[in-house]
Amino acid sequence: MSVSPEAFLSLLKSVASDTETMLGELLTQAPIAGERGRPARLLEAMRYSSLNGGKRIRPLLVVASGNLFGVPRQRSLMAGAALELIHCYSLVHDDLPAMDNDDMRRGRPTTHKAFDEATAILAGDGLLTLAFDVAARPAVHPEAEVRVNLVGALARAAGVGGMVGGQLLDLAAEGRFADGKPRALDEMAIGALQAMKTGALLQFACAAGAILGKASVAERDALDRYGASVGKAFQISDDLLDVEGDSATLGKAAGKDAAAGKATLVGILGVETAKARLKTLVSEAGAALAPFGERAQTLVETAKFIAERGK
Ligand code: GRG
């Protein structure tokens with residue numbers, strides 16, 4: 001049975017709303033066991049950076065991949081919330097003057113603009129560390145071994161060999177650590193950089209359902225292949241939005257990649273070829289899910305949504 005676009009959007013909405021509730025509950029003013037206190041300004045900046053915004057695509061991928069293995073929704077949502085905390089931290093730090101220097105995100109001032117740079121750095125640090133606290137909680141899975149697998153995979157996706165490493169490669173390609181002149185990367189190098197910077201967290205989202213559902217190696221591999229295609233599709237569609245989107249709809253500055261001389265696949269391939277590549281990636285994502293048959297229809301729709309999204 002296929003999932004209609006309307007049913008997909010309604011699921012995305014419900015996951016986004018449940019994620020919002022869960023993040024709100026995780027970010028309460030009252031300290032929890034083991035904490036000494038939660039400074040109000042820091043907590044306010046963490047809430048500002050993670051609530052009331054975001055499509056919550058990553059939690060949706062955790063829920064949808066978990067559904068393949070009958071993972072209870074609340075467990076997937078908790079793992080998804082941990083992942084979303086890391087995603088939100090990365091946006092706060094990425095927007096800082098030392099990185100992308102952006103004033104607007106999700107249609108409102110970035111965290112360092114709404115607060116100040118030091119508070120934004122600490123809010124990002126707070127979100128990052130809270131993510132691992134959340135991922136390690138028994139509410140994610142009653143078995144400690146499963147939680148350890150999840151936490152390890154999350155750390156590797158987010159860290160030096162994943163998102164953080166990819167961010168450094170991106171800044172290096174802009175010439176930040178040398179003469180300030182952008183480096184011309186070839187298609188392979190761009191692909192490798194993007195697989196780390198944005199692909200790793202998306203791929204983790206798909207792996208998370210398999211980890212929580214104690215999937216077989218073959219099932220895990222299938223979701224890895226799906227996640228890799230979705231990660232590439234996400235990046236191309238993000239690059240296309242930077243070229244074709246307008247700042248008002250995006251809720252952030254458009255046209256920044258070209259202005260910074262950033263190497264993107266859209267820049268190398270051209271808009272039309274990039275759009276054709278996007279279509280190929282969506283069908284590759286669907287093909288990777290073949291072992292799951294009809295049960296994977298939500299993930300098929302998610303790949304389409306990611307490729308066609310307007311912001
Ligand atoms: C600072 C360690 C560090 C890493 C930053 C992911 C990243 C690395 C920076 C984000 C910059 C950026 C705009 C990358 C393009 C892909 C991306 C992550 C877009 C935003 O993700 P969405 O569309 O955002 O899921 P929402 O707002 O819906 O959550």
Side-chain angles (χ1 to χ4, degrees), residues 12-13 15-16 19-20 23 48-62 80-81 83-108 110-112 117 120-121 123-125 127-129 131 154-174 176 190 193-205 230-243 245 247 249-257 259-260 262-266 302-303 305-311:
L12 177 60
K13 211 170 147 193
V15 168
T19 300
E20 182 80 12
L23 290 174
Y48 180 85
S49 309
S50 57
L51 301 178
N52 301 315
K55 296 175 288 297
R56 314 296 192 197
I57 283 172
R58 292 157 193 79
L60 174 77
L61 284 167
V62 180
L83 177 54
E84 196 66 9
L85 287 167
I86 293 198
H87 167 60
C88 293
Y89 121 75
S90 81
L91 299 180
V92 173
H93 282 193
D94 186 69
D95 290 334
L96 286 167
M99 302 246 189
D100 254 18
N101 194 18
D102 275 304
D103 292 351
M104 295 295 285
R105 161 83 56 193
R106 293 171 170 168
R108 56 189 180 156
T110 46
T111 306
H112 65 275
E117 272 184 55
I121 291 169
D125 293 342
L127 293 170
L128 171 63
T129 41
L154 181 56
R156 287 189 290 273
V160 60
M163 180 182 70
V164 173
Q167 176 77 349
L168 182 123
L169 293 178
D170 203 15
L171 295 174
E174 280 181 31
R176 293 284 197 102
I190 295 177
L193 181 164
Q194 294 181 342
M196 291 172 75
K197 185 181 151 184
T198 45
L201 280 198
L202 289 161
Q203 211 165 1
F204 167 81
V230 160
K232 287 181 203 162
F234 185 97
Q235 190 62 57
I236 293 183
S237 97
D238 207 68
D239 294 345
L240 283 167
L241 286 171
D242 190 68
V243 173
S247 303
T249 314
L250 293 178
K252 62 177 185 179
K256 282 206 73 176
D257 293 348
K262 212 170 232 181
T264 68
L265 277 184
V266 175
T302 309
F305 173 82
I306 284 174
E308 291 160 12
R309 72 196 208 279
K311 63 176 182 169

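FYI, side chains are in, hydrogens and waters are out, and symmetry mates aren't considered; it's all heavy atoms of this structure. One-based numbering, in listed order, for ligands and for the atoms of each.
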(message) Assess the residue pair K55 and R309 against the criterion (side chain to side chain contact (heavy atoms under 4.5 Å, CB included)); give the C-alpha distance rounded to whole Å, side-chain angles, the decisive distance to 0.1 Å, and a yes or no.
(response) CA-CA 10 Å; K55 296 175 288 297; R309 72 196 208 279; 3.8 Å; yes
(request) Determine, step by step, whether D170 and K262 satisfy the salt bridge (charged side-chain N to carboxylate O under 4.0 Å, His left out) criterion, reporting the C-alpha distance in whole Å, the side-chain angles of both residues, the deciding distance to 0.1 Å, and the verdict. (result) CA-CA 8 Å; D170 203 15; K262 212 170 232 181; 3.4 Å; yes
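In this structure, a donor-acceptor pair under 3.5 Å is absent between the side chains of T19 and E84.
In this structure, the side chain of R56 does not engage the main chain of K13 through any donor-acceptor pair within 3.5 Å. Here the side chain of H87 pairs no donor or acceptor atom with the backbone of R58 at under 3.5 angstrom. Judged by distance alone, with hydrogens and angles left aside, the side-chain atoms of R176 form a donor-acceptor pair with the main-chain N or O of A98 at under 3.5 Å.
Atom numbering of ligand 1 starts at 1 in the shown order; those under 4.0 Å from a heavy atom of G54 are 26 (P), 27 (O), 28 (O), 29 (O). Counting the atoms of ligand 1 from 1 in the order shown, those under 4.0 Å from a heavy atom of S90 are 1 (C), 4 (C), 5 (C), 6 (C). Under a 4.0 Å criterion applied to the non-hydrogen atoms of D238, ligand 1 contributes the atoms 15 (C), 16 (C), 19 (C). Those atoms of ligand 1 with a heavy atom of R309 less than 4.0 angstrom away are 23 (O). The ligand atoms of ligand 1 that sit less than 4.0 angstrom from a heavy atom of R106 are 26 (P), 27 (O), 29 (O). Residue-ligand proximity, Y89 to ligand 1, at heavy-atom distances under 4.0 Å covers atoms 2 (C). Near L91, the atoms of ligand 1 lying under 4.0 angstrom from a non-hydrogen atom of the residue are 10 (C).
Closest heavy-atom approach to atom 29 (O) of ligand 1 among the candidates K55, Q167, K197, H87: H87.
Of the polar atoms of R58, at least one N or O is found under 3.5 Å from an N or O of ligand 1, judged by distance alone. Taking distance alone, with nitrogen or oxygen atoms compared against 3.5 Å, R56 stays at or beyond that limit from ligand 1. Geometrically, ligand 1 and R105 share no nitrogen or oxygen pair separated by less than 3.5 Å.
Ligand 1 is approached by T198 to a heavy-atom distance shorter than 4.0 Å.
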